[in-house]
Asker: 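Below is the structure I would like to discuss, written out as structure tokens.
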Amino acid sequence: MKQITKNKNLLPYAKDLRRQMTRQEKHLWYVFLQHYPIKVYKQRIIDNYIADFYCHQARLVIELDGSQHYLPEGKSYDEARTEVLEKYGLYVLRFSNRDVDDRFEGVCYMIDKTIKERMNSDW
């Protein structure tokens, strides 16, 4: 498994994203992830990308996608990004902002289930 690197030039941008989280990111963070029993980081730099949320122990990236992710350019960018993240042995779990708004408990359940599965596997 490849050692995770990070582009330190992205640090100011990551800090800005932490301060300016979307409404859905704030909801997921403050209601569920911040107090999750396994450490989850927000706006974590991985390679040349900034993941919305990252659980190192489960090697899991959690992404919340707004409408721009469903345009052809956004889909293409996300596919390339996922490919890079997977080279580090990471699993990318994606939810739409609408999922967080309309099915919050289901989103939390899927995150919890995925973390537990990944913690109990050899990846």
Side-chain angles (χ1 to χ4, degrees):
M1 192 170 348
K2 190 174 172 185
Q3 177 70 27
I4 294 177
T5 61
K6 67 180 182 178
N7 179 344
K8 293 182 181 179
N9 295 326
L10 293 176
L11 190 57
Y13 188 56
K15 286 181 178 181
D16 281 345
L17 289 173
R18 285 181 204 127
R19 284 190 292 269
Q20 300 172 12
M21 290 192 295
T22 66
R23 180 174 51 81
Q24 291 83 2
E25 288 171 341
K26 285 179 184 176
H27 187 200
L28 185 60
W29 176 253
Y30 289 111
V31 176
F32 184 66
L33 295 176
Q34 183 179 29
H35 303 291
Y36 193 76
I38 297 165
K39 179 71 177 157
V40 176
Y41 300 91
K42 57 185 177 184
Q43 308 301 338
R44 193 65 161 198
I45 301 168
I46 302 170
D47 201 281
N48 287 309
Y49 300 102
I50 300 172
D52 290 337
F53 301 101
Y54 174 61
C55 178
H56 176 75
Q57 286 181 267
R59 299 190 68 80
L60 175 67
V61 171
I62 303 162
E63 290 291 314
L64 301 186
D65 295 340
S67 59
Q68 73 277 13
H69 291 268
Y70 300 99
L71 300 172
E73 314 83 54
K75 285 183 179 183
S76 177
Y77 176 84
D78 287 344
E79 287 170 9
R81 173 185 167 121
T82 296
E83 192 174 308
V84 169
L85 296 173
E86 287 175 345
K87 287 181 181 174
Y88 290 103
L90 304 178
Y91 180 75
V92 180
L93 191 57
R94 292 188 170 281
F95 300 98
S96 70
N97 284 339
R98 176 168 262 158
D99 290 334
V100 174
D101 289 340
D102 297 344
R103 295 176 279 285
F104 186 74
E105 287 185 17
V107 168
C108 295
Y109 171 80
M110 283 304 303
I111 292 169
D112 181 58
K113 180 178 182 276
T114 304
I115 288 174
K116 288 174 179 171
E117 286 172 355
R118 295 203 37 96
M119 295 287 292
N120 291 323
S121 74
D122 295 325
W123 301 306

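Heavy-atom basis, side chains included; hydrogens, waters and symmetry copies ignored. Worth saying up front: this structure is predicted, and the values here are computed from it rather than measured.
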Asker: Give every residue pair that meets the salt bridge (charged side-chain N to carboxylate O under 4.0 Å, His left out) criterion with at least one member in residues 18-28, sequence neighbours excluded.
Answerer: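 Non-adjacent pairs meeting salt bridge (charged side-chain N to carboxylate O under 4.0 Å, His left out): Asp16-Arg19, Arg23-Asp101.
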Asker: If we only count heavy atoms from C-beta on, is the Leu60 to Leu93 side-chain gap below 4.5 Å?
Answerer: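 They are in contact (side-chain heavy atoms under 4.5 Å apart), so the answer is yes.
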Asker: Once you round to the nearest 0.5 Å, how far does NZ of Lys39 lie from CG of Leu33?
Answerer: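 One gets 10.5 Å once the value is rounded to the nearest 0.5 Å.
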Asker: Listed by chain and number, what are the side-chain hydrogen bond (donor to acceptor under 3.5 Å, both in side chains) partners of Lys113, not counting sequence neighbours?
Answerer: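 By the side-chain hydrogen bond (donor to acceptor under 3.5 Å, both in side chains) rule, Lys113 matches Glu117.
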Asker: Name all pairs fulfilling the ring pair (Phe, Tyr, Trp, His ring centres under 6.0 Å) condition that reach into residues 96-119, sequence neighbours left out, sorted by first residue then second.
Answerer: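 Non-adjacent pairs meeting ring pair (Phe, Tyr, Trp, His ring centres under 6.0 Å): His27-Phe104.
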Asker: Kindly write out the residues that satisfy side-chain hydrogen bond (donor to acceptor under 3.5 Å, both in side chains) with Thr5, not counting sequence neighbours, or none if the list is empty.
Answerer: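 Once residues adjacent in sequence are excluded, the partners of Thr5 under the side-chain hydrogen bond (donor to acceptor under 3.5 Å, both in side chains) criterion are Tyr88.
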Asker: Tyr36: which residues meet the ring-ring contact (aromatic ring centres under 6.0 Å, His included) condition with it, sequence neighbours left out?
Answerer: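 ring-ring contact (aromatic ring centres under 6.0 Å, His included) list for Tyr36, sorted by chain: Phe32.
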Asker: Can you check whether Asn97 reaches Asp65 side chain to side chain, under 4.5 Å on heavy atoms?
Answerer: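 Not in contact.
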Asker: Please answer: with hydrophobic residues joined when any side-chain heavy atoms are less than 4.5 Å apart, are Met110 and Ile38 in the same cluster?
Answerer: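 The answer is yes; both residues are in one hydrophobic cluster.
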Asker: Is a side-chain donor or acceptor of Asp99 paired with a backbone partner of Phe95 at a separation under 3.5 angstrom?
Answerer: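 No, the answer is negative, given that no donor and acceptor are paired below the 3.5 Å cut-off.
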Asker: Excluding sequence neighbours, so at least two apart, what forms side chain to side chain contact (heavy atoms under 4.5 Å, CB included) with Ile50?
Answerer: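 By the side chain to side chain contact (heavy atoms under 4.5 Å, CB included) rule, Ile50 matches Leu10, Tyr13, Ala14, Leu17, Gln43, Ile45.
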Asker: Can you check whether Tyr54 reaches Leu90 side chain to side chain, under 4.5 Å on heavy atoms?
Answerer: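 Touching, per the 4.5 Å side-chain cut-off.
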Asker: Output all residues satisfying side-chain hydrogen bond (donor to acceptor under 3.5 Å, both in side chains) with Arg81, sequence neighbours left out; order by chain, then residue number.
Answerer: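 With neighbours one apart ignored, the set is Glu63.
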Asker: Testing the basics here: between Gly89 and Arg118, what is the closest heavy-atom pair and its distance to 0.1 Å?
Answerer: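 Looking at all heavy atoms of both residues, the closest pair is O-NH2, 3.1 Å.
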Asker: side-chain contact (heavy atoms from CB on, under 4.5 Å) for Leu28 and Ile111? Distances and angles first, verdict last.
Answerer: CA-CA 11 Å; Leu28 185 60; Ile111 292 169; 4.0 Å; yes
Asker: Just verifying a value: how many Å separate Ile46 CD1 and His56 NE2, rounded to the nearest 0.5 Å?
Answerer: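 One finds 10.0 Å between CD1 of Ile46 and NE2 of His56.
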Asker: Apply side chain to side chain contact (heavy atoms under 4.5 Å, CB included) to Gln34 and list each qualifying residue two or more places apart in sequence or on a separate chain.
Answerer: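 Once residues adjacent in sequence are excluded, the partners of Gln34 under the side chain to side chain contact (heavy atoms under 4.5 Å, CB included) criterion are Trp29, Tyr30.
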Asker: Could I get the full list of salt bridge (Lys or Arg N to Asp or Glu O under 4.0 Å) partners for Lys6, not counting sequence neighbours?
Answerer: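 Lys6 satisfies salt bridge (Lys or Arg N to Asp or Glu O under 4.0 Å) with no other residue.
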Asker: Taking atom CZ of Arg103 as the centre, does the number of heavy atoms from other residues, nucleotides or ligands within less than 6.0 Å exceed 12?
Answerer: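 More than 12 heavy atoms, drawn from other residues, nucleotides or ligands, come within 6.0 Å of this atom.
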Asker: List the steps, then state whether side-chain contact (heavy atoms from CB on, under 4.5 Å) holds for Ile62 with Cys55.
Answerer: CA-CA 8 Å; Ile62 303 162; Cys55 178; 5.7 Å; no
Asker: Rounded at 0.5 Å granularity, tell me how far CG in Leu64 sits from CZ in Arg98.
Answerer: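 Between atom CG of Leu64 and atom CZ of Arg98 there are 14.5 Å.
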Asker: Say whether, by atom type as modelled, one donor and one acceptor occur between the side chain of Asp47 and the main chain of Tyr49 under 3.5 angstrom.
Answerer: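 Flag not set: sc Asp47 to bb Tyr49 has no pair under 3.5 Å.
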